[in-house]
Amino acid sequence: MTTTVAVFTRDLRVRDNPMLAAAARGADQVVPLFVRDGKVAAFSARRTRFLDESLSDVDASLRHLGGRLVLREGDPVEEVCRVAGEVGADRVHIAGDVSAYARTREERLRSGLTCEFVVHDDVHTVVPPGLLTPSGKDHFAVFSAYHRQWDAHGWRQAVPTPRRIEVPKVKGRKAPSVRGEGGESAARRRMTSWLRTNAESYTDNHDMVAVDGTSRLSPYLHLGCLSALELARRGDKAPDFVRQLAWRDFHHQVLNARPDAAHEDYRPRGDRWRDDDHAFDAWRAGETGIPIVDAGMRQLLAEGWMHNRARLVVASFLTKTLYLDWRAGAAHFYAHLIDGDIANNSLNWQWVAGTGTDTRPNRVLNPMRQAERFDPRDDYVRRYVPELSGVDDARRPWTLSTKARNGYPLPIVDLAEGRARFLAARG
Ligand SMILES: Cc1cc2nc3c(=O)[nH]c(=O)nc-3n(C[C@H](O)[C@H](O)[C@H](O)COP(=O)(O)OP(=O)(O)OC[C@H]3O[C@@H](n4cnc5c(N)ncnc54)[C@H](O)[C@@H]3O)c2cc1C
């Protein structure tokens, strides 16, 4: 009798899940286990709900296969070791991951488990982090070079869904029973309709902030409700869209080689960031007086998601125009984004701040020009900044009378002065 434990982390799916497929292969009994770590910082209610919905959906899928999800709470390493001991497991399977938290968990499991321990590096990304390297280096620091290899490299085949999962007698809480936007079933519906209807117009629409021109699959990809590999394979008619999945892999392979880049400058530029609580609070609340910046920040608070172009604009505004530390911005994003992901969040923030992999680290996005190009009719601004919904020139509210501005604030910074201050500081 062979018994295995399949430890789910952020790979909450049964389809194309190499970790689950390997745990089920040749095993008589499998414990599909998820451990809630009470010590992980509390997330926003919206994000917690998305996780619950995803757990609920995995549980339903496993029940379909004859099993269920076993839910425990506590220290993940202690609980995994305890469950492995209780069922007399021969092997424990888990997906490899790139954050410092995941690596520590993996090391502790390796020394704590008395049975065989298998780590699968091909679960979260299309191409495993660390597989592609430039000669003599441990990771790619330039996206275009990475992308060329990523595209040319053969990808693994999708793995089959286990036919049957038989769970031994083991204690565990019942998985939450909530349905909503989260989970593999919802992810697959969204993927199918996206690929059928919108993916081909991605190239034209993906930068237009008021248009629903991107997939909005990021929360599902973050929690692994969807296989990035399956999405990349099925998106072959939309190469610009698939390229974004290469960006995702790119950031994962940087963090894999440099886990400290979650919090430390990847390329220190000698910055002496300003300290300005007033400006930071205005940025967070969407009250800076720069309409496209405020629209983005208010979208984040309202939806737990923000359009990528708006993320670029608000991050450039914080780190360059206001010259405030990217870490503060990244922490605010991480607390509110449902797709909040250490690799994508920290490394995109560093990219914008010029401390990361951008080959033009000192470029400053002009929010007025960005608005002209990517929100030409001010639809995005009007949607998220209701004070300006009825005015003619929503892009330049400072030209309006106090009454017409409707309580909307004047700009907290002169854009040209902010830019000059940043460029002087960077030398
Ligand atoms: C400052 C900043 C912070 C960010 N923080 C996060 C984060 O915490 N989590 C996150 O998933 N993305 C983050 N991104 C990347 C990007 O904004 C989102 O992935 C994207 O907006 C999600 O929307 P979508 O699913 O509709 O994307 P689509 O345009 O449909 O792209 C498909 C998928 O590709 C990936 N992707 C797209 N753009 C990027 C990118 N620039 N870098 C890495 N992967 C990308 C995502 O997984 C996305 O779901 C951040 C970008 C910036 C500029």
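Note that ligands are numbered from 1 as they come in the structure, with each ligand's atoms numbered from 1 the same way.
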Which of the ligand 1 atoms, numbered from 1, are nearer than 4.0 Å to a heavy atom of [X]:
X: Leu217; answer: 25 (O), 49 (O)
X: Gly340; answer: 8 (O)
X: His251; answer: 42 (N), 43 (C)
X: Trp305; answer: 22 (C), 23 (O), 26 (O)
X: Arg216; answer: 24 (P), 25 (O), 26 (O)
X: Arg248; answer: 43 (C), 44 (N), 47 (O)
X: Ser218; answer: 11 (O), 22 (C), 23 (O), 25 (O), 49 (O)

Residue part near ligand 1, for Phe333, under 4.0 Å between non-hydrogen atoms: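 Answer for Phe333: side chain.
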
Please work out whether any backbone atom (N, CA, C, O) or any side-chain heavy atom from C-beta onward of Tyr334 is under 4.0 Å from ligand 1, and answer side chain, backbone, both or neither.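 Answer for Tyr334: neither.
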
Test Asp57 against every option in Arg13, Arg179, Arg15, Arg63 by the salt bridge (Lys or Arg N to Asp or Glu O under 4.0 Å) rule and name the one that passes.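 For Asp57, the salt bridge (Lys or Arg N to Asp or Glu O under 4.0 Å) test succeeds with only one of Arg13, Arg179, Arg15, Arg63, which is Arg179.
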
Is Arg309 close enough and on-axis enough to Phe374, meaning under 6.0 Å and within 45°, for cation-pi?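 Output yes; distance and angle both within limits.
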
Over 60° means perpendicular and under 30° means parallel, so tell me whether Trp247 and Trp351 are parallel, tilted or perpendicular.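 Ring orientation of Trp247 relative to Trp351: perpendicular.
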
Ignoring hydrogens and angles, state whether a donor on the side chain of Arg103 or Asn256 is under 3.5 Å from an acceptor on the partner side chain.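 Distance-only check passes for Arg103 and Asn256.
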
Donor on one side chain, acceptor on other, Asp265 and Trp326, under 3.5 Å: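 Per modelled atom types, Asp265 and Trp326 side chains form a pair under 3.5 Å.
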
Report, as yes or no, whether the 6.0 Å neighbourhood of atom CZ on Arg269 holds more than 12 heavy atoms from other residues, nucleotides or ligands.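 Count over threshold, so yes.
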
For Arg373, is the CZ atom crowded, meaning more than 12 foreign heavy atoms sit under 6.0 Å from it?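 Open: at most 12 neighbouring heavy atoms sit under 6.0 Å from CZ of Arg373.
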
Heavy-atom proximity to atom 33 (C) of ligand 1, best of Leu347, Asp249, Leu245: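 Nearest option to atom 33 (C) of ligand 1, by heavy atoms: Leu245.
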
If hydrogens are left out, which of Asn198, Asn344, Val352, Asn348 has an atom nearest to atom 42 (N) of ligand 1, that is, the closest non-hydrogen atom?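 Looking at heavy atoms only, Asn348 sits closest to atom 42 (N) of ligand 1.
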
For Phe250, is the nearest heavy atom under 4.0 Å from an atom of ligand 1?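 False for this residue.
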
Any Tyr220 heavy atom less than 4.0 Å from ligand 1: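 The answer is no: ligand 1 sits nowhere under 4.0 Å from a heavy atom of Tyr220.
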
For the ring pair (Phe, Tyr, Trp, His ring centres under 6.0 Å) test, which of Phe140, Trp155, Phe143 pairs with Trp150?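 Going through the options one by one, the only one that passes is Trp155.
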
Leu12 CG to Ser54 OG distance, which is reported to the nearest 0.5 Å: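 Going from CG on Leu12 over to OG on Ser54, the span is 6.0 Å.
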
What's the separation between atom NE2 in His336 and atom CZ in Arg46, rounded to the nearest 0.5 Å?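 Interatomic distance, His336 NE2 to Arg46 CZ, rounded to 0.5 Å: 9.5 Å.
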
Can an N or O of [X] be found at a distance shorter than 3.5 Å from an N or O of ligand 1?
X: Trp247; answer: no
X: Asp341; answer: yes
X: Asn308; answer: yes

